[in-house]
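In what follows, a structure is listed as structure tokens, so that the remarks can point back to it.
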Amino acid sequence: MPLFGHPKKDDSADAARVKASTGSNAAGRDVVGSIAQHIQHAVVLPPEAYGPVANIAAGTMLRNIPSAGLFIGRAEALDALDVAFSPKGNVIVHAVLGLGGMGKSTLAAQWATERFKGNPCWWITVDSRSAVDAGLAKLARALEPALTGLSEEFLVERALQWLTAHNDWLIVLDNVDHLDDIRPLLERARTGRFLITTRRATGWHRTAGIIRLDVLAEREATDLFSSILNHDTQNRAEKGIKELCAELGHLPLAVEQVASFCAEAGISPRSYIRMLNESPAQMYARSAEGFDTERTIAQIWRITMDRFADTPLAGDILRMLAWYAPNSIPRSLLDGLGPELTVAGAIGRLIAYSMITTTSDGDLKIHRLVQALARTPDVADPHRRSRDIIRAREKAVERLHLSFPGDPTLPHTWSKCQELIPHVDALAQQSPAKSDTETTAHLLSNAARFFLDQGMINRSAEYLSRALSGYERELGENHPDTLVTRSNLAHIYTSARDRRAIPIYETNLAACVQILGEDHPDTLGTRSNLACAYQMERDHGRAIPLLERTLTDRARVMGEKHPDTLSTRNNLGHAYMSAGKPHLAMQLHKTNFIYSVEVLGKEHPYTLTICDNLAGAYLTAGDAQRSIFLFQKNLADRIRVLGEDHPDTFVSRNGLSKSYVLSRELDIAINLHKTNLRRSAQALGEDHPYTIAYRNDLARTYELDRDLDTAIDL
């Protein structure tokens with residue numbers, strides 16, 4: 001049956017008119033089409049059924065709006081609807097868009113019930129085109145009860161004619177999936193208002209104004225949860241509501257579902273969080289008695305995914321995005337998943353159904369609860385099969401590894417690293433360590449290098465330790481990548497002055513000599529690192545000879561200006577300084593600085609480090625003026641290249657402060673120390689070793705300035 005078609009004409013119109021004038025019908029009425037057909041079948045209509053449709057008034061407050069139930073918040077969205085439907089005159093169409101479970105229907109019901117003052121106010125759930133027909137036919141019967149019994153085709157047309165002839169009415173078209181289902185209705189209307197709710201986020205530019213509905217605010221979500229939890233009790237205050245609502249991403253349907261279950265089962269929010277962590281698939285599908293099982297968060301997600309049956313790549317992409325951070329996902333992470341047009345089409349389908357959204361700069365965004373469902377296996381859901389989820393995780397790791405800079409110590413890569421680190425963190429947090437592949441270990445190792453270069457020692461150690469476990473499991477105890485990672489972990493322990501570094505280096509050095517040979521770069525690197533670990537323990541007797549040998553070997557094997565040779569020369573200079581031989585250290589640092597500028601450039605972070613070390617050698621040798629000159633220059637360079645709050649910038653400012661102390665310019669030194677302490681506390685924390693050291697240096701400077709009270713307080 002065609003939607004909204006005109007009623008068919010009876011072939012014997014004249015006979016119909018004669019029969020229509022008999023019985024209790026008003027004589028002389030000219031009844032056409034389907035009315036006449038129904039009269040032929042002995043349906044007798046009262047006279048009012050034939051009045052002009054413009055003269056038929058809606059009954060008092062004619063409404064079929066479902067209850068909005070417990071409604072909290074959404075003041076901004078309600079006000080937006082007020083503004084959207086305030087103009088008079090022509091037909092007004094607005095669509096409320098959002099992910100399934102966002103509360104679009106609840107908002108529409110609340111606004112229609114509490115704020116719309118016109119008549120009638122009619123709700124149609126748009127499951128299909130035929131559902132629109134059925135809803136209009138019910139409206140026609142409600143407007144004119146005497147028409148009950150006529151064909152749906154006629155009633156649909158009658159409702160359309162009534163809507164065209166009247167204004168000040170509202171039709172709510174709920175859960176619209178296909179625009180074609182409602183397009184004929186919208187095209188017939190000339191006045192009145194249509195409020196549409198839909199998951200479709202695209203395709204409305206020629207049809208409707210749009211209002212995008214987001215998750216509840218934190219306070220709204222916790223208030224909703226508390227209201228449901230305490231509905232039948234005396235203000236039961238439960239700890240953990242805020243944390244649980246955050247875990248649910250403040251999605252209204254999820255908050256309602258979980259709060260109802262907690263209230264019925266008598267469990268606390270924190271207990272629910274524990275159960276969710278232990279059995280996520282079961283908890284996402286669990287609901288309280290009487291809760292619509294078709295409206296659980298798991299079922300809502302599945303219904304939407306069913307619509308992508310013809311675009312399987314859309315499901316693959318969604319499961320892949322589930323392993324990243326929910327916000328600011330670079331679209332480039334999806335490159336290489338297939339032909340560009342095919343990938344764009346799959347992304348478009350996900351955006352169209354609000355499963356993902358885009359930011360102003362083109363990045364992707366996904367609700368954290370959708371992510372949680374997408375990475376949680378469920379044997380009852382064909383979209384959440386274990387093998388598909390595992391494959392998606394591996395693809396997410398692969399794409400992130402390929403996108404992460406290969407050398408995260410280079411300044412021009414830092415912005416890219418910072419962009420991707422939240423996604424590395426999310427992937428590491430959501431993936432069990434035992435599932436790490438070799439690629440995962442590579443990714444974590446690179447991220448650890450970035451953290452170390454940024455002065456985040458603890459995070460670097462955490463990722464390197466996990467990468468090492470992955471390499472040992474996937475590649476073996478003595479694989480070169482395993483050896484390098486173990487050595488890097490020991491290096492971090494050295495930076496933290498942790499003695500665990502020494503046995504790791506000693507084990508690694510023996511393995512490197514046996515497997516790679518004495519002159520292999522990794523062997524030389526391990527020997528240099530072991531020497532630094534000895535130096536950390538102030539064991540100059542073992543550190544200096546080992547560094548001298550390594551410097552000779554690296555210069556021979558790699559060249560005098562190779563970055564690794566520069567590193568060893570730098571470390572030997574430090575050892576000489578620590579052993580009370582600043583003049584030997586000064587010569588090494590001068591040579592190193594010249595080579596580093598030549599090979600790496602004036603503003604390379606390592607060049608700046610070498611410059612600082614040279615300035616430190618002058619300081620230790622008692623040459624205050626030269627140390628002040630170099631520290632001042634290096635501080636300015638580090639602020640420009642690294643920023644005010646980079647740990648290396650703090651080191652340069654601290655060295656400059658000590659140089660001014662040496663030259664007895666204590667006021668300048670105190671001001672520099674105070675700046676350093678304040679910035680370090682803000683950037684690194686009050687209890688960071690750097691902050692504690694800078695506080696101590698400031699105290700000693702106050703002591704030299706004879707301000708003992710301040711010194712003692714510090």
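The analysis underlying the following values was restricted to heavy atoms, covering all of them including side chains, and did not include hydrogens, waters or symmetry mates. Worth saying up front: this structure is predicted, and the values here are computed from it rather than measured.
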* To do: With sequence neighbours left out, write down each residue that passes side-chain contact (heavy atoms from CB on, under 4.5 Å) with A352, or none if nothing qualifies.
  => R200, T202
* Structure fact -> With L173 as partner, the option from I196, T197, T198 fulfilling side-chain contact (heavy atoms from CB on, under 4.5 Å) is I196
* Where do E157 and R188 land on the salt bridge (charged side-chain N to carboxylate O under 4.0 Å, His left out) test, with the steps shown first? -> CA-CA 10 Å; E157 179 61 25; R188 285 287 298 273; 3.0 Å; yes
* Answer yes or no: does atom NZ of K138 have more than 12 heavy-atom neighbours from other residues, nucleotides or ligands under 6.0 Å? => no
* Structure fact -> Sorted by chain and residue number, the side-chain contact (heavy atoms from CB on, under 4.5 Å) partners of R212 (sequence neighbours excluded) come out as L97, A201, I210
* Is it true that R158 and E152 make a salt bridge, defined as a side-chain N closer than 4.0 Å to a carboxylate O? -> no
* **Evaluation steps, side-chain hydrogen bond (donor to acceptor under 3.5 Å, both in side chains), between S328 and D363** => CA-CA 5 Å; S328 301; D363 288 344; 4.6 Å; no
* Just wondering, are more than 12 heavy atoms of other shown residues or ligands nearer than 6.0 Å to CG in N90? -> no
* Residues which pass side-chain contact (heavy atoms from CB on, under 4.5 Å) with P377, listed by chain and number, not counting sequence neighbours -> S386, I389
* Between R384 and D388, does at least one N-O distance fall below 4.0 Å, as a salt bridge requires? -> no
* Distance-only, no hydrogens or angles: does the K395 side chain make a donor-acceptor pair with backbone N or O of I317 under 3.5 Å? -> no
* Whether K104 side chain and G98 backbone form a donor-acceptor pair below 3.5 Å -> yes
* Can you find a heavy atom in the side chain of L170 that is under 4.5 Å from one in the side chain of N119? -> no
* Asked: Salt-bridged, D407 to R449, with N to O below 4.0 Å?
  -> yes
* Structure fact -> In terms of heavy-atom contacts, L70 and S227 come closest through CD2-CB, 3.5 Å
* Asked: Taking NZ, NE, NH1 and NH2 as the nitrogens, is one of them in K242 or E218 under 4.0 Å from a carboxylate oxygen of the other?
  -> yes
* Asked: Does a sphere of radius 6.0 Å around CD in E278 hold more than 12 heavy atoms from other residues, nucleotides or ligands, not counting ones at 6.0 Å or beyond?
  -> yes
* Evaluate the side-chain hydrogen bond (donor to acceptor under 3.5 Å, both in side chains) criterion for residues R349 and T311: first the C-alpha distance (whole Å), next the side-chain angles of each, then the deciding distance (0.1 Å), finally the verdict. => CA-CA 8 Å; R349 292 294 304 279; T311 315; 2.8 Å; yes
* Which class fits the ring pair H401 and H442: parallel under 30°, tilted 30 to 60°, perpendicular over 60°? -> parallel
* Asked: With the threshold set at 4.0 Å, does a side-chain nitrogen-carboxylate oxygen contact exist between R391 and E394?
  -> no
* Asked: Under 4.5 Å between any side-chain heavy atoms of I92 and P87, yes or no?
  -> yes
* Asked: Between D181 and H178, is any pair of side-chain heavy atoms under 4.5 Å apart?
  -> yes
* Thinking salt bridges, do R199 and D177 make one under a 4.0 Å N-O criterion? -> no
* Asked: So N446 and Y463, side-chain hydrogen bond (donor to acceptor under 3.5 Å, both in side chains) or not? Walk me through it.
  -> CA-CA 9 Å; N446 280 338; Y463 275 12; over 6 Å; no
* **Under 3.5 Å donor-acceptor, S226 side chain and T222 backbone** => yes
* Asked: Is there a side-chain contact between R63 and W122 (heavy atoms, below 4.5 Å)?
  -> no
* Asked: Do you see a donor-acceptor pair shorter than 3.5 Å between the side chains of T409 and D453?
  -> no
* Asked: Salt bridge or not for R459 and E462, using N-O below 4.0 Å?
  -> no
* Under 3.5 Å: donor-acceptor pair, side chain of W123, backbone of I171 -> no
* To do: Could you tell me whether a side-chain N or O of R190 sits under 3.5 Å from a main-chain N or O of L163, the two making a donor and an acceptor?
  => no
* **Heavy atoms from other residues, nucleotides or ligands near CZ of R115 exceed 12 (cutoff 6.0 Å)** => yes
* Judged by atom type as modelled, is there a donor-acceptor pair below 3.5 Å linking the side chain of S86 to the main-chain atoms of V83? -> yes
* Can you name the residues that form a side-chain contact (heavy atoms from CB on, under 4.5 Å) with H383, not counting sequence neighbours? -> W301, R302, M305, D306, R319, D381
* Structure fact -> Contacts satisfying side chain to side chain donor-acceptor pair (under 3.5 Å) that involve residues 367-378 (not counting sequence neighbours) are R375-Q430
* To do: Check the surroundings of atom CD in Q418: do more than 12 heavy atoms from other residues, nucleotides or ligands lie under 6.0 Å from it?
  => yes
* Do S403 and L420 come close enough that some side-chain heavy atom pair is under 4.5 Å? -> yes
* Structure fact -> For residues 186-223, the ring pair (Phe, Tyr, Trp, His ring centres under 6.0 Å) pairs (sequence neighbours left out) are W169-F194
* To do: Verify, without hydrogens or angle tests, whether T342 (side chain) and G338 (backbone) share a donor-acceptor contact under 3.5 angstrom.
  => no
* Could you tell me whether the side chain of R399 and the main chain of L333 form a donor-acceptor pair under 3.5 Å? => yes
* To do: May I ask you to decide if S431's main-chain N or O and S435's side chain share a donor-acceptor pair within less than 3.5 Å?
  => no
* Is there a donor-acceptor pair closer than 3.5 Å between any side-chain N or O of R393 and the backbone N or O of M320? -> no
